[in-house]
Peer 1: 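Take this structure first; my questions come after.
Counting convention: from 1, in listed order, for ligands and their atoms alike. Computed from a predicted structure; not experimentally measured.
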Amino acid sequence: MELLLYNTMTRRKERFEPIQPPQVGLYTCGPTVYNYAHIGNLRTYIFSDILKRVLLYNGFEVRHVMNITDVGHLTGDRDMGEDKLEKGARSEGKSAWEIAAYYTQAFKKDIRRLNILEPTIWCKATETIADQIALIQTLEVKGYTYRTSDGIYFDTSRFKDYAKLSHQDLEALQEGARVEKNPEKRNATDFALWKYSPAGVQRQMEWPSPWGVGFPGWHIECSAMSMKYLGALLDIHCGGTDHVDVHHTNEIAQSEAATGRKFFNYWMHGAFLIIAGGKKMAKSEGNFLTLETTVASQRIDPLAFRFASFQTHYRKPMEYGDEAIAAAQNGLQHLRNQARVLMDAAPPSEVDAGYREKFLQAINNDLNIPQALAVAQDMLKSELAPAAKLATLLDYDRVLGLDLQKSGADQTLPAEIQALADARQRARKEKQWALSDQLRDQIQALGYVVQDSSQGMKVFKP
Ligand code: AMP
Ligand code: ZN
């Protein structure tokens, strides 16, 4: 069955055809590791995980590269402001290297908890400086660069079709640029390839280069790393929707200028997670929630956030709210209960071909996961035998990644927690509500989640 994906470049759904089937090269712009990822960032990584799982489900072999931005991402998008890592290091009283290592580990923990498959290759900006310098040298030889007092810039007016991804009105951008603070830039859209360390300041992260000691601009890392690690497999490049106008537009300009060839065939972007009132969740807005705080404050399984993100198509904004999260926790629990009932009835038999086809139709229509969940519920309500339902559901879970296989085996609780849970069960039966609440608090203080529903009480480790 054909796989349709929405390509931001052409602004339509296109039939996906890789350059060298069955291999697919996938590049996901990774996190800037100066702080914890927020659940908006994580929504984007769940989107790219679904994309990857759908490719795998369709029989492709995926070579997936994700970078870690540990240098060069400035606080202002157009090369103004401070390096986020150096700023983070100062405010935490640690080195930029320590900050990067710490938040990289935190990010990896988050994605593990969300069942996001690890990329084939992790790579760091700071480990590929030589490749980035080589790419800038190529651009220099080809006449695309110029020097200012603070660095080497890419001259976007020399690249035809600079706005082909963003479809921006470049004249309007030039107008807006009058308020910009860098008068040395020839065009408002020009961007830094290499920035010098400021005079008299020793940055924690800096390298020698043919142009002077400094550090790479943010965009060049993704061009260098995708070409280095994907080679000819420049199939799909993805990230959040805010990457369209600047980051991905600049990646395309510098890569195509350097190689003279097309850089990636498909560009895919996940919409934002927003908070009530429509505001984007962002670190710079100070309105962000991490996975850890969400799990703890809402008392949910981390996979409930994954399930919550399935309720909205990836190209539509997802509004975050406590009620939606609670509903997702219940929905996930319900699905697990359904799986458990089937597991108690019989071992899985064969996947039902008709329902597999329906599921495939949904996911292959630009990753329509809300529709795929509806197909799963139809299948579970159908006349299929339990063994076939179970096989089909577990097959769907290769894409959904909700760990449904584990629904059957109840988590064995440590004896101490089990004793508290049993005591609470008795207290509830005897309507001793104050005692029941006290026991709940005790269990939670030991790091377990207590959940009451019409099916009874459930205690689990989040
Ligand atoms: P960063 O760590 O800031 O480089 O961002 C990591 C990823 O999260 C990028 O792909 C961003 O486009 C994406 N992103 C940032 N804010 C949001 C948000 N509110 N909702 C969804 N994705 C986001
Ligand atoms: Zn990138």
Side-chain angles (χ1 to χ4, degrees), residues 8 26-49 51 65-77 81 83-85 87-88 99-100 103-104 106-108 110-111 114 116 119 123-125 128 132 165 191 216-230 234 236-255 263-264 267-291 294 305 308-309 312-320:
T8 309
L26 172 66
Y27 187 92
T28 305
C29 285
T32 309
V33 285
Y34 69 107
N35 201 336
Y36 292 105
H38 58 62
I39 55 173
N41 303 133
L42 294 171
R43 182 196 182 199
T44 291
Y45 296 109
I46 294 172
F47 142 65
S48 60
D49 185 55
L51 168 62
V65 177
M66 196 190 297
N67 67 301
I68 297 286
T69 296
D70 53 359
V71 70
H73 195 165
L74 304 187
T75 47
D77 241 358
D83 187 313
K84 293 185 178 187
L85 263 292
K87 188 177 173 193
I99 293 281
Y103 290 113
T104 301
F107 176 72
K108 290 187 178 177
D110 283 344
I111 68 165
L114 290 169
I116 291 172
C123 46
K124 291 183 191 167
T128 49
Q132 299 175 56
L165 180 73
F191 55 91
W218 172 36
H219 319 295
I220 198 77
E221 64 170 274
C222 287
S223 291
M225 287 190 266
S226 52
M227 292 190 224
K228 176 173 177 141
Y229 295 111
L230 289 178
L234 299 177
I236 312 178
H237 197 120
C238 62
T241 184
D242 54 335
H243 283 349
V244 177
D245 286 355
V246 181
H247 184 50
H248 288 167
T249 286
N250 292 348
E251 278 189 47
I252 292 169
Q254 67 200 4
S255 305
F263 180 61
F264 284 95
W267 291 85
M268 296 182 65
H269 296 96
F272 282 145
L273 180 133
I274 54 176
I275 49 170
K279 240 183 165 194
K280 165 192 168 189
M281 182 172 283
K283 289 167 198 163
S284 54
E285 299 279 346
N287 62 9
F288 76 91
L289 290 168
T290 62
L291 182 63
T294 310
F305 178 66
S309 78
T312 312
H313 187 260
Y314 81 88
R315 281 195 289 121
K316 296 211 174 87
M318 164 183 172
E319 189 163 330
Y320 175 84

Peer 1: So is Lys280 touching ligand 1 or not, going by heavy atoms under 4.0 Å?
Peer 2: yes
Peer 1: Determine whether Met225 and Tyr27 make a side-chain contact, defined as any pair of heavy atoms from C-beta on separated by less than 4.5 Å.
Peer 2: yes
Peer 1: Distance under 4.0 Å to a non-hydrogen atom of His38: what atoms of ligand 1 satisfy this?
Peer 2: 16 (N), 17 (C), 18 (C), 19 (N)
Peer 1: Report, in ascending order of atom number, the atoms of ligand 1 lying under 4.0 Å from any heavy atom of Met281.
Peer 2: 16 (N), 18 (C), 19 (N)
Peer 1: For atom 8 (O) of ligand 1, what is the closest protein heavy atom, and at what distance to 0.1 Å?
Peer 2: Asn41 ND2, 3.0 Å
Peer 1: Going by an N to O cut-off under 4.0 Å, is there a salt bridge joining Lys279 and Glu285?
Peer 2: yes
Peer 1: Could a heavy atom of Asp242 be found less than 4.0 Å from some atom of ligand 1?
Peer 2: yes
Peer 1: Tell me whether the centres of the aromatic rings in Tyr103 and Tyr36 are closer together than 6.0 Å.
Peer 2: yes
Peer 1: What atoms of ligand 1 come closer than 4.0 angstrom to any heavy atom of Thr44?
Peer 2: 10 (O), 13 (C), 21 (C), 22 (N), 23 (C)
Peer 1: Spell out, as yes or no, whether a donor-acceptor pair under 3.5 Å connects the side chain of Asn67 to the backbone of Cys123.
Peer 2: no
Peer 1: Nearest heavy atom to atom 9 (C) of ligand 1 wins, so pick from His243, Lys84, His269.
Peer 2: His243
Peer 1: In terms of residue, atom name and distance, what is the protein heavy atom nearest to atom 17 (C) of ligand 1?
Peer 2: Phe272 CD2, 3.5 Å
Peer 1: Where does the angle between the aromatic ring planes of His219 and His247 fall among parallel (under 30°), tilted (30 to 60°) and perpendicular (over 60°)?
Peer 2: tilted
Peer 1: Does the side-chain hydrogen bond (donor to acceptor under 3.5 Å, both in side chains) test come out yes or no for Glu251 and Ser223, once each step is laid out?
Peer 2: CA-CA 6 Å; Glu251 278 189 47; Ser223 291; 4.5 Å; no
Peer 1: Considering only heavy atoms from C-beta outward, does the side chain of Val65 approach that of Pro119 to under 4.5 Å?
Peer 2: no
Peer 1: How close does the nearest protein non-hydrogen atom get to atom 7 (C) of ligand 1, and which residue and atom is it?
Peer 2: Tyr45 OH, 3.5 Å
Peer 1: Cut-off 3.5 Å, side chains only: do Thr69 and Glu221 have a donor facing an acceptor?
Peer 2: yes
Peer 1: Would a 4.5 Å heavy-atom cut-off, applied to side chains only, mark Phe264 and Ser226 as touching?
Peer 2: yes
Peer 1: I'd like to verify the contacts: list protein N, O or S atoms under a distance of 2.8 Å from the Zn ion (ligand 2).
Peer 2: Cys29 SG, Cys222 SG, His247 NE2
Peer 1: Looking at ligand 1, does any of its N/O atoms fall within less than 3.5 Å of an N/O of Leu273?
Peer 2: yes
Peer 1: Sort and list the pairs that fulfil side chain to side chain donor-acceptor pair (under 3.5 Å) and have at least one residue in residues 267-276, not counting sequence neighbours.
Peer 2: Thr8-His269, His248-His269
Peer 1: Would you check the N or O atoms of Gly240, main chain and side chain alike, for any that come under 3.5 Å of an N or O of ligand 1?
Peer 2: yes
Peer 1: Any side-chain heavy-atom pair from Met268 and Phe47 closer than 4.5 angstrom?
Peer 2: yes
Peer 1: Which protein non-hydrogen atom lies closest to atom 21 (C) of ligand 1, naming both residue and atom, and how far is it?
Peer 2: Gly40 O, 2.9 Å
Peer 1: Main chain of Asp245, side chain of Asn250: is a donor-acceptor contact present, judged purely on distance under 3.5 Å?
Peer 2: no
Peer 1: Of all the atoms in ligand 1, which lie at a distance below 4.0 Å from a heavy atom belonging to Pro31?
Peer 2: 2 (O)
Peer 1: Indicate the atoms forming the closest heavy-atom contact of Pro317 with Thr312, along with that distance.
Peer 2: O-CG2, 3.5 Å
Peer 1: With heavy atoms only and a cut-off of under 4.0 Å, state how Ala271 meets ligand 1: side chain, backbone, both or neither.
Peer 2: backbone
Peer 1: Ignoring hydrogens and angles, tell me if any N or O in the side chain of His313 forms a donor-acceptor pair with the backbone of Lys316 under 3.5 Å.
Peer 2: no
Peer 1: What protein heavy atom sits nearest atom 4 (O) of ligand 1, and how far away is it?
Peer 2: Thr32 OG1, 2.9 Å
Peer 1: Only heavy atoms of Lys283, strictly under 4.0 Å: list the atoms of ligand 1 that pass.
Peer 2: 2 (O)
Peer 1: Please indicate whether any nitrogen or oxygen in Arg43 is less than 3.5 Å from any nitrogen or oxygen in ligand 1.
Peer 2: no
